[in-house]
Amino acid sequence: MQTLLGRTAVLILLLALPSLFIALVTAPRYGWGLFSIAILGVLAYHVHNLQQLRRWLKQPQWQTMPHGWGASWEEVFAALYQIMRSQWETRNELTEANDRLQQAAAAMPDGVIILDEYDRIEWCNVHAEQHLGLHREQDYGQSVAHLLRHPLFSQYLRTKDYGEPLSIRAPHNKEMSLSIQLVPFGQTRKLLISRDITKLEQVESMRRDFVANVSHEMRTPLTVVGGFLETMVEMENYDPQQSQHHLKLMLDQTQRMQRLVEDLLTLSRLEDNQNPLLEEYVDMPALMRRLVTEAESLSRGRHKILLEMDNTLCLKGNQHELMSACGNLISNAVRYTPEEGVITVRWIGGKDQSALFSVSDTGEGIAPEHIPRLTERFYRVDRGRSRETGGTGLGLAIVKHVLSRHQSHLQIQSTLGKGSTFAAEFPAGRVQLCREESAA
Ligand code: ADP
């Protein structure tokens, strides 16, 4: 501004003083007129630039900054331009940083809510909306305690002890379990972080059920064995014939526990992600023949067992696991089919060069409501029948895992009183031709 005043003074001196000189010395008649015109010119120059500045100030943006006319005003506008530009750049950087933070918070898989000092919602991400049933537009500025009306949450908010997260059901969806954690930050603000722990809780409940089931399965045989042993210890004149019978029953129960432990170990190996599938060339026709022989010995002539197969189809997979899965399905067919029933084992070509394994029986069949749950661990349609025939309730769970490790899945078709078919289709990528001829 000092420069501007200095320049103005110089301008006045340059324009007005010669006029004044002419006015006073040479031509006093015209001189005053000239002097006034010069002064007016200087004034008009400043008024024009001021006008430009005034107009610009109504909407001050660095892009529309006027250039100014005359060296002095040009300098003023240039200085203003520099200030505006650097302010704009700083504001832009801040906005970008803020946007980045909001985008990061929005992309978080957890729900995030920023609360002000009175626990009112300042900002929240999409997941928080979904978890807590919020609507951004209408809920900003609302107290979180009003929106999340849950006695445990109100207490959590009041106690100010936020060390541990709080587990509650989602207010608008009772199927969803949430973990809520408050994290104080800055002077007075808080972050509310919500996490969907429904799956975690399901796994935890499955773990609890599993331990309860295993304990239950073990308790019965242990009670039987323990009971007989107690009788043997307490009875002085124990009848050797009776003791032989009791020892046989104890052996049965011990074998049952052994089968259970073996199946449990197999399942845990199959479920272990660190245990990759060891692939080999599996001669499926040979494996089928072996399984059918085993089934015949289990059936002891009570059933008719048929084998239909394409002798040229082999498989890339794990022999031990495939034997366990196919064996389980065949032995189930024997165990759940009454005498005189027919069991048909098939190993044939499927669609698009795939291969199909199936076991059909003319047994008791399964009611439709049970079918979706059959591969759950320890799920049985008839617990007594399963136990009588030496079942552990884990067979189909093992089958499901083995098939999934071979990119296949179990298909079950059954009609109550007529029989069932358990089938699995193996993809073309796993099928290999092992022999030239095709023999059934
Ligand atoms: P289990 O050891 O009890 O046989 P599985 O997991 O092999 O356990 O089978 C689960 C249940 O499925 C069985 O208890 C039985 O009720 C039913 N099931 C399996 N296979 C057959 C079949 N071929 N016919 C009728 N029911 C079957």
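Just so you know, these numbers use all the heavy atoms, side chains as well, and skip hydrogens, waters and symmetry mates. For reference, positions follow the sequence shown, starting with 1.
- Distance alone, capped at 3.5 Å, is enough to place a donor-acceptor pair between the T389 side chain and the R385 backbone.
- Annotation: side chain of T266 is not in contact with side chain of E321 (no heavy-atom distance under 4.5 Å).
- The line from NZ of K190 to CG of D116 is 8.5 Å long, rounded to the nearest 0.5 Å.
- The heavy-atom pair separating V345 from M288 by the smallest distance is CG1-SD, 4.0 Å.
- Taking CG from D119 and CG from L147, the interatomic distance works out to 11.5 Å, rounded to the nearest 0.5 Å.
- For T254 (side chain) and M250 (main-chain N/O), a donor-acceptor pair under 3.5 Å exists by modelled atom type.
- In the displayed structure, N98 atom CG is contacted under 6.0 Å by more than 12 heavy atoms of other residues, nucleotides or ligands.
- Remark: side-chain polar atoms of Q407 are not paired, donor with acceptor, to backbone N or O of F426 under 3.5 angstrom.
- For Q353, the CD atom counts as loosely surrounded, since its 6.0 Å shell holds 12 or fewer non-hydrogen atoms of other residues, nucleotides or ligands.
- With a 6.0 Å radius and a threshold of 12 heavy atoms from other residues, nucleotides or ligands, Q413 has its CD atom at or below the threshold.
- Other residues, nucleotides and ligands contribute at most 12 non-hydrogen atoms within 6.0 Å of the NZ atom of K199.
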Practice problem: Begin with the C-alpha distance, continue with both residues' side-chain angles, and end with the deciding distance and a verdict on side-chain contact (heavy atoms from CB on, under 4.5 Å) for L191 and L115. | Solution: CA-CA 6 Å; L191 269 184; L115 300 177; over 6 Å; no

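- The OG atom of S358 lies 6.0 Å from the CD1 atom of I348; values are rounded to the nearest 0.5 Å.
- At a threshold of 4.5 Å between non-hydrogen side-chain atoms, the residues I330 and L298 do not count as touching.
- Checked by atom type and distance alone, the side chain of N49 never pairs as donor or acceptor with a backbone atom of W73 at under 3.5 Å.
- Taking the charged nitrogens against the carboxylate oxygens, E122 and R189 do have a contact shorter than 4.0 Å, which makes a salt bridge.
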Quiz item: Are E364 and T337 close enough, and set up right, to give a side-chain contact (heavy atoms from CB on, under 4.5 Å), and what steps lead you there?
Solution: CA-CA 6 Å; E364 53 202 54; T337 303; over 6 Å; no

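- A salt bridge does not link D263 with R259: none of the charged nitrogens is closer than 4.0 Å to a carboxylate oxygen.
- Annotation for Q52 and P66: closest pair NE2-CB, 3.7 Å, computed over non-hydrogen atoms.
- Classified by interplanar angle (parallel below 30°, tilted 30° to 60°, perpendicular above 60°), the ring pair Y156/Y162 is perpendicular.
- Counting heavy atoms of neighbouring residues, nucleotides and ligands inside a 6.0 Å radius, atom CD of E369 exceeds 12 of them.
- Across all non-hydrogen atoms, the minimal contact from L134 to C124 is CD1-SG, 4.3 Å.
- For F357 and F422, the ring centers are positioned 6.0 Å apart or more.
- Distance alone, capped at 3.5 Å, places no donor-acceptor pair between the D310 side chain and the G349 backbone.
- Salt-bridge formation is detected for the pair R430/E279: a Lys NZ or Arg NE/NH1/NH2 atom is positioned less than 4.0 Å from an Asp or Glu carboxylate oxygen.
- Note: D139 CG to L148 CG = 11.0 Å, rounded to the nearest 0.5 Å.
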Exercise. Could you go through the salt bridge (charged side-chain N to carboxylate O under 4.0 Å, His left out) check for D252 and R256 one step at a time?
Key: CA-CA 6 Å; D252 282 352; R256 185 171 149 193; over 6 Å; no

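- Panel note: side chain R380, backbone T392; a donor-acceptor pair is recorded below 3.5 Å.
- Between E217 and R383, at least one side-chain nitrogen of the basic residue sits less than 4.0 Å from a carboxylate oxygen of the acidic one, meeting the salt-bridge criterion.
- Taking the charged nitrogens against the carboxylate oxygens, R377 and E271 do have a contact shorter than 4.0 Å, which makes a salt bridge.
- Counting only heavy atoms from C-beta outward, the side chains of R169 and S177 approach each other to under 4.5 Å.
- For the residue pair T198/D196, the side-chain donor-acceptor check at 3.5 Å is satisfied.
- The nearest pair of heavy atoms linking I398 to S324 is CG2-OG, 3.6 Å.
- Residues L396 and L329 form a side-chain contact, since some pair of their non-hydrogen atoms from C-beta on lies under 4.5 Å apart.
- Contact check for L152 versus Q155: side-chain heavy atoms found under the 4.5 Å cut-off.
- Heavy-atom contacts from other residues, nucleotides or ligands closer than 6.0 Å to NZ of K400 number 12 or fewer.
- Counting only heavy atoms from C-beta outward, the side chains of L249 and H245 approach each other to under 4.5 Å.
- Shown here for L291 and M323, the closest heavy-atom pair between the two residues is CD2-O, 4.0 Å.
- N328 and V399 make their closest contact through CB-CG2, 3.7 Å (heavy atoms, listed as atom of the first residue, atom of the second, distance).
- The closest donor-acceptor contact from the side chain of D361 to the backbone of S420 lies under 3.5 Å.
- In this structure, H146 contributes its side chain and Q142 its backbone to no donor-acceptor pair below 3.5 Å.
- Between Q244 and P240, the closest side-chain pair of non-hydrogen atoms is not below 4.5 Å.
- Looking at D110 and H127, their side chains never come closer than 4.5 Å, going by heavy atoms from C-beta outward.
- More than 12 heavy atoms of other shown residues, nucleotides or ligands fall within 6.0 angstrom of atom CE in M232.
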Quiz item: Where do S243 and F228 land on the side-chain contact (heavy atoms from CB on, under 4.5 Å) test, with the steps shown first?
Solution: CA-CA 9 Å; S243 99; F228 285 135; over 6 Å; no

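- Note: M309 CE to N311 CG = 5.0 Å, rounded to the nearest 0.5 Å.
- The pair E340-R302 does not meet the salt-bridge criterion, since no charged nitrogen lies less than 4.0 angstrom from a carboxylate oxygen.
- Judged by distance alone, the side chain of S408 and the main-chain N or O of E425 form a donor-acceptor pair under 3.5 Å.
- The closest donor-acceptor contact from the side chain of D382 to the backbone of G384 lies under 3.5 Å.
- With values rounded to the nearest 0.5 angstrom, H303 atom NE2 is found 7.5 Å from T362 atom OG1.
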Exercise. Could you please spell out the steps behind the side-chain contact (heavy atoms from CB on, under 4.5 Å) verdict for V203 and R207?
Key: CA-CA 6 Å; V203 171; R207 192 192 61 80; 5.5 Å; no

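- Heavy atoms of other residues, nucleotides or ligands lying less than 6.0 angstrom from CZ of R195 number 12 at most.
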